[in-house]
Amino acid sequence: LEDEQTEMPHKKKIIMVFVTSILVLLGFLVVNHYFTGHANKRIAEEAYEAQDYLECYQLLYGQKLNDNQSAIFHRSEMILKMDIFWRNYEESAKDSKWLEGLDKLTQFVHGYPQLNDYASQWNCQDIAENAYNKVQNALMTEYATDVDTVSEIADLKDDVAYTKALTEIIQQKEKRDEIN
């Protein structure tokens, strides 16, 4: 009987030490998560100020954000999307893939209303407008066409008709390039 009585307090002590250890570990994890999240948000704001939009976006992605942090997250996202779009377009132009490039510009024009709505929601219309102006300029200087024309082409339901319309613009471009 004495052995059982001495064992019981010993088991209770072990259980208490185990429970205390778990509580301390959980407390550490919660505090670590809070401070890491807070530090990442501060670093993200600094990255945004330094125009490192990818770093900012990655640090804020999936975080619970306040209004200011949400704004810089979505501005960063918009800037990154426009950068990717322009790099893809410029790559097509550099490789003389004029049809592919014109298609990218046409699809941008077609999707611009939704893009602009998203930009308005996050107060970054300036980014969308700058991209739109660059698209207008590229359409005029590279393809001698305008937003209205490619918008009509983008609305075509038939893929063959769409491709033919873009091809006609490319053929006119090639004729102009031969003359010059």
Side-chain angles (χ1 to χ4, degrees), residues 40-41 43-180:
N40 282 347
K41 290 173 186 173
I43 293 167
E45 289 171 355
E46 291 171 2
Y48 179 80
E49 292 299 321
Q51 298 181 353
D52 186 351
Y53 302 113
L54 180 58
E55 178 76 9
C56 176
Y57 179 84
Q58 289 173 332
L59 288 168
L60 294 179
Y61 184 82
Q63 300 287 326
K64 184 176 180 179
L65 306 173
N66 65 29
D67 289 343
N68 182 53
Q69 293 161 344
S70 288
I72 66 171
F73 172 77
H74 290 286
R75 280 186 72 82
S76 295
E77 178 186 38
M78 181 69 88
I79 290 167
L80 291 170
K81 283 182 179 182
M82 295 303 96
D83 284 350
I84 290 168
F85 167 76
W86 279 110
R87 267 184 281 169
N88 288 338
Y89 169 71
E90 288 172 344
E91 191 68 28
S92 296
K94 183 182 83 172
D95 293 341
S96 299
K97 295 179 182 175
W98 301 115
L99 184 60
E100 184 180 305
L102 182 56
D103 177 56
K104 287 180 187 332
L105 296 175
T106 303
Q107 292 305 311
F108 180 89
V109 169
H110 183 70
Y112 181 73
Q114 293 84 6
L115 179 70
N116 195 43
D117 288 346
Y118 181 80
S120 295
Q121 179 183 355
W122 296 105
N123 197 26
C124 53
Q125 302 95 318
D126 58 321
I127 298 165
E129 288 171 10
N130 286 340
Y132 187 77
N133 292 335
K134 286 173 72 174
V135 166
Q136 282 182 309
N137 187 47
L139 287 169
M140 271 311 228
T141 58
E142 291 296 328
Y143 301 97
T145 192
D146 59 24
V147 169
D148 294 334
T149 302
V150 296
S151 186
E152 289 174 15
I153 294 170
D155 289 338
L156 294 172
K157 302 294 182 218
D158 181 31
D159 289 345
V160 174
Y162 174 86
T163 303
K164 281 183 179 179
L166 292 183
T167 303
E168 286 177 22
I169 293 172
I170 300 303
Q171 288 170 345
Q172 292 171 359
K173 175 193 176 7
E174 289 170 347
K175 286 179 185 176
R176 281 188 310 277
D177 290 349
E178 283 176 13
I179 293 169
N180 295 332

### Task
Using only heavy-atom distances, determine whether the side chains of E142 and Y89 contain a donor-acceptor pair under 3.5 Å.
no
### Message
With side chain to side chain contact (heavy atoms under 4.5 Å, CB included) as the criterion, how do V150 and V135 come out once you've worked through the C-alpha distance, each side chain's angles and the decisive distance to 0.1 Å?
### Response
CA-CA 11 Å; V150 296; V135 166; over 6 Å; no
### Test applied, side chain to side chain contact (heavy atoms under 4.5 Å, CB included); reference residue, Y143; option that passes from L166, L105, T149, T106
L105
### Query
Looking at A93 and W98, what are the two nearest heavy atoms and their distance?
O-CH2, 3.8 Å
### Task
Please report the closest heavy-atom contact between W86 and A131, naming both atoms and the distance.
CZ2-O, 3.8 Å
#### Entry: Heavy-atom side-chain proximity of M78 to W122 below 4.5 angstrom
no
### Task
Would you give the length of the straight line joining atom CG of L59 to atom CD1 of I43, rounded to the nearest 0.5 angstrom?
6.5 Å
### Task
With sequence neighbours left out, write down each residue that passes side-chain contact (heavy atoms from CB on, under 4.5 Å) with L54, or none if nothing qualifies.
D52, Q58, L80
### Query
Side chains of H110 and Q107: donor-acceptor distance under 3.5 Å anywhere?
no
### Summary
For N66 and Q69 the tightest heavy-atom approach is OD1-N, 2.7 Å
### Message
Within the 3.5 Å criterion, strictly below it, is a donor on D117 or S120 matched to an acceptor on the partner's side chain?
### Response
no
### Message
If the threshold is 4.0 Å, N to carboxylate O, is there a salt bridge linking K94 and E91?
### Response
yes
## Note on the structure
Rounded to the nearest 0.5 Å, the CG atom of N68 sits from the NZ atom of K41 at a distance of 11.5 Å
### Task
Please assess Y162 against D103 for the test side chain to side chain contact (heavy atoms under 4.5 Å, CB included), listing each intermediate value before the final yes or no.
CA-CA 9 Å; Y162 174 86; D103 177 56; 2.4 Å; yes
### Task
Tell me, with the steps shown, if R75 and D126 meet side chain to side chain contact (heavy atoms under 4.5 Å, CB included).
CA-CA 10 Å; R75 280 186 72 82; D126 58 321; 3.1 Å; yes
### Query
Honestly, is K134 close enough over F85, meaning NZ or CZ under 6.0 Å from the six-membered ring centre and within 45° of the axis?
no
### Summary
Residues at least two apart in sequence or cross-chain that pass salt bridge (Lys or Arg N to Asp or Glu O under 4.0 Å) with K175, listed by chain then number, are none
### Query
Side-chain contact, heavy-atom cut-off 4.5 Å: Q63 with F73?
no
### Task
Decide yes or no for E100 and K104: does some side-chain heavy atom of the first lie under 4.5 Å from some side-chain heavy atom of the second?
yes
### Query
Is there a side-chain contact between I153 and I169, using heavy atoms and a 4.5 Å cut-off?
yes
#### Entry: Gap separating the OH atom of Y48 from the CD1 atom of I72, nearest 0.5 angstrom
7.0 Å
#### Entry: Distance in Å, L115 CG paired with F108 CZ, rounded so as to fall on 0.5 Å steps
5.5 Å
### Message
Is there a side-chain contact between L102 and L139 in this structure, where contact means two heavy atoms from C-beta onward sitting under 4.5 Å apart?
### Response
yes
### Query
Got a second to check how far N88's CG is from D83's CG, nearest 0.5 Å?
11.0 Å
### Message
Measuring from atom CE of M82 to atom CZ of R87, what distance do you get when rounded to the nearest 0.5 angstrom?
### Response
11.5 Å
### Task
Please step through side chain to side chain contact (heavy atoms under 4.5 Å, CB included) for the pair E129 and Y112, ending with a clear verdict.
CA-CA 9 Å; E129 288 171 10; Y112 181 73; 3.7 Å; yes
### Task
Provide the closest heavy-atom pair for A128 versus A119 in the form atom of the first, atom of the second, distance.
CB-CB, 3.9 Å
